[in-house]
Amino acid sequence: MKNILITGGAGFIGSHVVRTFLTRHKDYHIFNLDKLTYAGNLKNLADIENHPNYTFIRGDIADDKYINELFEKYRFDAVIHLAAETHVDRSILEPMDFIKTNILGTFVLLNAFKNLWNGNYEGKLFYHVSTDEVYGSLPLRGNGDELPKFTETTPYSPRSPYSAAKAGSDHLVKSYFYTFKVPVIVSNCSNNYGPNQFPEKLIPLVINNIRNNKPLPIYGKGENVRDWLYVEDHADAIDTIFHKGTPGETYNIGGAHEMKNIDIVTMICDIVDKKLDRTVGTAQKLITFVKDRPGHDLRYAIDFTKLHDSLGWQPETTFEEGISKTVEWYLHNKEWLENVISGEYLKYYEKQYKQINL
Ligand code: NAD
Ligand code: TYD
């Protein structure tokens with residue numbers, strides 16, 4: 001049995017990664033380490049919380065002493081590191097937690113992993129989950145037909161405190177490979193969507209606001225483009241890279257589905273209207289153009305040729321299928337939405353778990 005530490009497993013992507021690994025790999029014990037910030041919700045994992053190969057640990061990745069004791073106690077063979085502060089708008093308003101968790105927290109984990117194995121890295125791996133936002137912003141037009149995309153060799157050019165903090169963590173991870181030979185892998189993924197995403201991010205926010213007949217805020221003119229990937233496909237890519245990837249390498253993960261924000265929002269409006277048996281066009285009336293986000297990146301697009309050609313991965317879910325499933329999930333999980341918006345879900349932990357005493 002291998003001990004695998006997944007950080008941030010109570011969050012959006014982490015919860016899907018925990019489930020994917022528990023379901024597919026019977027010889028792993030999965031430890032989910034999560035601070036349970038506003039974004040961490042154990043209800044995301046209610047279906048697997050009693051699985052014999054699963055342990056939840058509440059803790060802060062930036063707490064050096066606690067993390068080193070935890071690594072000594074459980075001797076994690078591998079780390080899949082997702083814990084982070086993730087919302088760009090929050091990073092503009094309150095950047096401090098982004099620096100603490102994304103930079104300091106990543107450093108603490110890396111160092112604990114290095115101290116634990118101390119040069120004996122056979123069969124060990126530190127897998128760092130990152131974002132395409134570290135590469136900066138792409139133009140909407142290229143030279144000729146082909147629009148530029150981010151590849152693994154695109155120079156880093158982060159433009160928000162969130163992406164700058166993620167870039168810092170990526171560099172630290174790579175530095176441990178070159179300096180200390182710690183086996184690390186970094187993957188940089190495009191925007192995810194799907195069940196369990198906190199309704200501050202565009203897609204769940206729009207679905208929830210339509211439900212509540214509230215305005216749908218679109219920053220600027222809604223011309224910004226993101227490359228969307230269904231969250232279960234991201235979990236599948238992480239599984240593939242974790243098992244087949246080469247230490248020291250970076251892999252880009254993308255959805256091959258670029259869309260302007262305004263087109264996504266319009267599409268969601270029409271899907272919700274149809275699912276609720278209303279006249280199509282009803283929800284679109286809620287669209288409201290608001291002041292643009294400062295430093296708003298214009299376009300993200302991922303070239304995942306390396307991942308496809310070397311490890312055989314490609315996204316399986318079409319955007320039409322994924323967005324329909326996502327809308328359906330939010331419409332049918334009113335209690336989840338109401339709980340996360342009211343903060344009621346944070347009490348769930350207190351009832352279910354106790355801090356593991358080391
Ligand atoms: P999320 O905000 O939904 O979840 C983050 C999780 O980390 C939460 O459960 C939170 O409680 C936990 N956490 C935060 N600070 C912590 C700390 N100090 N110690 C321990 N746990 C802590 O995030 P997400 O959208 O699921 O993103 C997960 C990872 O994937 C992040 O590293 C993010 O940068 C990366 N990523 C996200 C996207 C996306 O579209 N959401 C795309 C590419 C990469
Ligand atoms: P978001 O979900 O915050 O992800 P990210 O900024 O990490 O890409 O935003 C996706 C896009 O939607 C981004 O271009 C900002 C835009 N947006 C809005 O127009 N209105 C909103 O209320 C939000 C949250 C985002």
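Since we're looking at a predicted model, the values are computed, not measured. Residue numbers start at 1 and run along the sequence shown. What's counted below: heavy atoms across the whole structure, side chains too, no hydrogens, waters or symmetry copies. Both counts, for ligands and for their atoms, begin at 1 and track the order of listing.
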Novice: Do Y219 and N224 pair up side chain to side chain, a donor and an acceptor below 3.5 Å, judged on atom types alone?
Specialist: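 There is no such pair (donor and acceptor under 3.5 Å, judged by atom type) between the side chains of Y219 and N224.
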Novice: Distance to 0.1 Å, residue and atom name: give those for the protein heavy atom nearest to atom 6 (O) of ligand 2.
Specialist: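 Checking every protein heavy atom, the shortest distance to atom 6 (O) of ligand 2 gives R293 NH1, 2.5 Å.
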Novice: Taking the minimum heavy-atom distance to atom 20 (N) of ligand 2, which of P199, P217, P204 ranks first?
Specialist: P217
Novice: For ligand 2, which part of H87 has a heavy atom less than 4.0 Å away: the side chain, the backbone, both, or neither?
Specialist: side chain
Novice: Please report whether the ring centroid of Y28 lies less than 6.0 Å from that of H243.
Specialist: yes
Novice: Taking N339's backbone N and O only, do any of them form a donor-acceptor pair with S342's side chain (distance below 3.5 Å, no angle check)?
Specialist: yes
Novice: With a 4.5 Å cut-off on side-chain heavy atoms, are L229 and I302 touching?
Specialist: no
Novice: Would you say that more than 12 heavy atoms from the other residues, nucleotides or ligands in this model lie under 6.0 Å from the NE2 of H332, or not?
Specialist: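 At most 12 heavy atoms, drawn from other residues, nucleotides or ligands, come within 6.0 Å of this atom.
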Novice: With respect to atom 18 (C) of ligand 2, which of Y219, W228, F198 exhibits the smallest heavy-atom separation?
Specialist: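 Result: the heavy atom closest to atom 18 (C) of ligand 2 is in Y219.
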Novice: Of all the atoms in ligand 2, which lie at a distance below 4.0 Å from a heavy atom belonging to E200?
Specialist: 24 (C)
Novice: Mind jotting down which protein residues get a heavy-atom contact under 4.0 Å with ligand 1? Chain and number order, please.
Specialist: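 Contacts of ligand 1 under 4.0 Å: G8, A10, G11, F12, I13, D34, K35, L36, T37, A39, G40, G59, D60, I61, L82, A83, A84, T86, T101, V129, S130, T131, Y162, K166, C189, S190, N191, N192.
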Novice: Counting only heavy atoms not in M1, do more than 12 sit closer than 6.0 Å to its CE atom?
Specialist: yes
Novice: Decide if the gap between the ring center of F126 and the ring center of Y176 is smaller than 6.0 angstrom.
Specialist: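 No.
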Novice: Determine whether the aromatic ring centres of residues F242 and F21 are separated by less than 6.0 angstrom.
Specialist: yes
Novice: Give the contacting part of L202 toward ligand 2: side chain, backbone, both or neither, where contact means a heavy-atom distance below 4.0 Å.
Specialist: both
Novice: Any atoms of ligand 2 less than 4.0 Å from a non-hydrogen atom of I218? List them with their elements.
Specialist: 19 (O)
Novice: Just need the protein heavy atom nearest to atom 16 (C) of ligand 2, so name the residue and atom and give the distance.
Specialist: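 Checked against all protein heavy atoms, atom 16 (C) of ligand 2 sits closest to N261 ND2, 3.4 Å.
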Novice: Here's one to test your reading of the geometry: is the NZ or CZ of K306 within 45 degrees of the ring axis of Y251 and under 6.0 Å from its centre?
Specialist: yes
Novice: Main chain of N44, side chain of R19: is a donor-acceptor contact present, judged purely on distance under 3.5 Å?
Specialist: yes
Novice: If you count the atoms of ligand 2 from 1 in the order shown, which ones are under 4.0 Å from a heavy atom of V88?
Specialist: 6 (O), 7 (O)
Novice: Quick one: are the ring centres of F71 and F76 less than 6.0 Å apart?
Specialist: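 For F71 and F76, the ring centres are under 6.0 Å apart.
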Novice: Judged on heavy-atom distance to atom 13 (C) of ligand 2, which of H296, R90, E133 sits nearest?
Specialist: H296
Novice: Check whether any side-chain N or O of D77 sits under 3.5 Å from a backbone N or O of K124 as a donor-acceptor pair, and report yes or no.
Specialist: no
Novice: Backbone, side chain, both or neither: what part of I203 comes under 4.0 angstrom of ligand 2, heavy atoms only?
Specialist: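 None of I203 does.
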Novice: Of all the atoms in ligand 2, which lie at a distance below 4.0 Å from a heavy atom belonging to N191?
Specialist: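 Reading through ligand 2 atom by atom, the close ones are 4 (O), 5 (P), 8 (O).
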Novice: Which atoms of ligand 2 have any heavy atom of R226 under 4.0 Å away?
Specialist: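 Answer for ligand 2: 8 (O), 13 (C), 14 (O).
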